[in-house]
Amino acid sequence: PGGSVEIPSEALAEIAKSAEGDSISVNVAKQDKAAAEEYDLDEEVALVAEVTITSGGKEITSFGGHAISVYLPVDESDFTEGESYEVLVISKGGSSQLLEGICVRRDGKLFVKVEIDHLSTFIVTRNKPLPFKDVKGHWAIKGVRFAYNRGFMAGVSPAKFNPDGKLTRGMLVTMLHSLEGKPGVTLGGFSDVAGDKWYAAGVAWAKQKGIVAGFADGTFRPEELITREQFATIMMSYAGFKNQDVSKRADLSAYSDAGETSAWALDALKWAKATGLMSGRSESVMAPKGTATRAEAATILMNYLKSISQ
């Protein structure tokens with residue numbers, strides 16, 4: 001697909017030692033994106049390519065610990081020169097390694113450049129590397145990566161996402177407003193939402209679109225922690241606003257605390273479970289009145305965008 005390999009002299013010397021004869025062949029072969037399916041990167045995959053160096057029919061995969069530069073071609077519409085992107089490298093043995101590649105321009109075309117000391121199959125994604133130090137190994141890292149790359153969630157600081165931090169009602173509607181491209185709105189609608197608050201536009205938009213109604217006393221309580229049943233209710237209303245099917249219902253009888261669900265939220269929680277949007281905190285606990293975390297929000301919105309909104 002127009003890719004190339006840059007081999008420094010030290011690595012070239014090692015390749016020469018392993019060569020069978022005088023001829024060395026370098027090949028960058030585009031592969032079907034189906035090869036990436038098992039890694040759950042499907043819609044974020046830009047390119048799958050196998051890079052090989054052979055000599056006399058023998059494949060040379062390592063270079064004595066010396067790195068080479070692999071240039072993998074990418075589309076101008078999806079990549080930006082100077083930005084970093086995640087590249088998953090799959091070795092011949094099946095092990096995987098997540099690397100950071102940088103988008104560069106060569107001869108007028110864009111490539112993602114990866115430096116590596118062995119050759120494998122490269123899966124170039126549109127994902128930007130996560131800058132957060134507190135999500136490695138977290139159960140919700142896929143959701144966090146998705147939310148960060150889609151731009152509807154950011155860190156609480158440049159290096160911290162705070163995945164187990166609590167989510168407020170104002171935060172959720174602000175995320176949904178962001179997913180809609182932050183359309184302009186007339187501020188107002190609730191007695192406790194001042195126009196100068198960071199969540200004011202999101203709350204006003206959600207009210208005007210019928211996604212939220214607030215409480216009987218005319219408040220929205222934007223800084224109150226959102227419960228899981230409130231989250232499900234707002235998401236079901238949002239799906240309805242998007243003219244999506246909200247008819248599915250699941251049986252919640254396996255959850256010992258299902259009876260704690262408020263009557264007004266029961267349908268929404270059944271819908272969220274049926275669509276795969278939400279699951280229990282465990283096989284027997286749904287925690288309808290438990291407060292939602294940032295990690296759960298990222299995962300729920302990822303599930304929504306990957307399935308219900310398709």
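Residues S84 and E100 have side chains that bring a donor and an acceptor to within less than 3.5 angstrom of each other.
From D78, atom CG reaches atom SG of C103 across 10.5 Å, with rounding to the nearest 0.5 Å. With rounding to the nearest 0.5 angstrom, the CD atom of E50 is 12.0 Å from the CD1 atom of I90. Taking CE of M286 as the reference point, atom CD of E260 lies at 12.0 Å (rounded to 0.5 Å). Atom OG1 of T233 and atom CE of M236 lie 8.5 Å apart (nearest 0.5 Å). A distance of 4.0 Å separates CG in D267 from CZ in R249, rounded to the nearest 0.5 Å. Residue Q31 holds its CD atom at 10.0 Å from CD1 of I123, rounded to the nearest 0.5 Å.
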Exercise. Could you go step by step and tell me if L176 and I234 meet the side-chain contact (heavy atoms from CB on, under 4.5 Å) rule?
Worked result: CA-CA 10 Å; L176 298 179; I234 291 175; 3.8 Å; yes
For this session: Might you work through the side-chain hydrogen bond (donor to acceptor under 3.5 Å, both in side chains) test for S262 and K289, ending with a clear yes or no?
Result: CA-CA 9 Å; S262 300; K289 297 193 185 307; 2.7 Å; yes
Exercise. Which is it for W271 and L277 under the side-chain contact (heavy atoms from CB on, under 4.5 Å) test, yes or no, and what are the steps along the way?
Worked result: CA-CA 8 Å; W271 166 81; L277 205 65; 3.5 Å; yes
For this session: Applying side-chain hydrogen bond (donor to acceptor under 3.5 Å, both in side chains), run through E180 and Y238 and close with a yes or a no.
Result: CA-CA 11 Å; E180 292 299 304; Y238 178 65; 2.6 Å; yes
For this session: Might you work through the side-chain contact (heavy atoms from CB on, under 4.5 Å) test for L119 and E59, ending with a clear yes or no?
Result: CA-CA 10 Å; L119 285 183; E59 191 169 339; 5.9 Å; no
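When side chains are defined from C-beta on, I211 does not count as touching V173, because their heavy atoms never get closer than 4.5 Å. In this structure, V51 and L72 have side chains that are in contact, with non-hydrogen atoms separated by less than 4.5 Å. By the 4.5 Å heavy-atom criterion applied to side chains, W139 and T299 are counted as neighbours. Two residues are said to be in side-chain contact when any heavy atoms from C-beta on lie closer than 4.5 Å; L252 and L266 meet this criterion. Side-chain contact between I141 and L130 is present, with heavy atoms from C-beta onward closer than 4.5 Å. Residues H138 and V144 fail the side-chain proximity criterion, which asks for heavy atoms closer than 4.5 Å.
At distances below 3.5 Å, at least one donor-acceptor pair connects side-chain atoms of S55 with backbone N or O atoms of E20. In this structure a side-chain-to-backbone donor-acceptor pair under 3.5 Å is present from D134 to N162. Not one N or O on the side chain of E44 forms a donor-acceptor pair closer than 3.5 Å with the backbone of F146. Of the possible donor and acceptor atoms, one in the side chain of S256 sits under 3.5 Å from a partner among the backbone N and O of S284. With T219 contributing its side chain and F215 its backbone, the two residues share no donor-acceptor pair below 3.5 Å. Side-chain atoms of T168 never come within 3.5 Å of backbone atoms of E224 as a donor-acceptor pair (strictly under, hydrogens ignored).
Taking a 6.0 Å sphere around CG of D107, one finds it holds 12 or fewer heavy atoms contributed by other residues, nucleotides or ligands. Within a 6.0 Å radius of CD in E283, other residues, nucleotides and ligands contribute 12 heavy atoms or fewer. When the shell of 6.0 Å around NZ of K248 is examined, it contains 12 or fewer heavy atoms from other residues, nucleotides or ligands. Heavy-atom contacts from other residues, nucleotides or ligands closer than 6.0 Å to NZ of K182 number 12 or fewer. More than 12 heavy atoms of other residues, nucleotides or ligands lie within 6.0 Å of NZ in K166, so this atom counts as buried by the packing criterion.
Below 30°, between 30° and 60°, or above 60°: for Y71 and F111 the angle between ring planes is above 60°, a perpendicular geometry. The aromatic rings of F241 and W205 sit perpendicular to each other, their planes meeting at more than 60°, with 30° as the lower class boundary.
Relative to the six-membered ring of F220, K207 misses at least one condition, a distance below 6.0 Å or an angle of at most 45° to the axis.
Look at D192 and R221 and you find no salt bridge, because none of the NZ, NE, NH1 or NH2 atoms lies under 4.0 Å from a carboxylate O. Ion pair R228/E296 flagged as a salt bridge, since at least one NZ, NE, NH1 or NH2 atom sits closer than 4.0 Å to an Asp/Glu carboxylate oxygen. Taking 4.0 Å as the cut-off between side-chain N and carboxylate O, K113 and E6 do not count as a salt-bridged pair. Using a 4.0 Å cut-off between a side-chain N of Lys or Arg and a carboxylate O of Asp or Glu, R126 and E83 do not qualify as a salt bridge.
Minimum interatomic distance between G195 and L187 (heavy atoms only, all atoms of both residues): O-CD1, 3.5 Å. Heavy atoms only, all atoms of each residue included: E229 and A265 are closest at CB-CB, 3.7 Å.
Two different hydrophobic clusters hold I300 and L225 under the rule that ILVMFWY side chains link at heavy-atom gaps under 4.5 Å.
Ring to ring, F161 and Y148 are not that close: their centroids are 6.0 angstrom or more apart.
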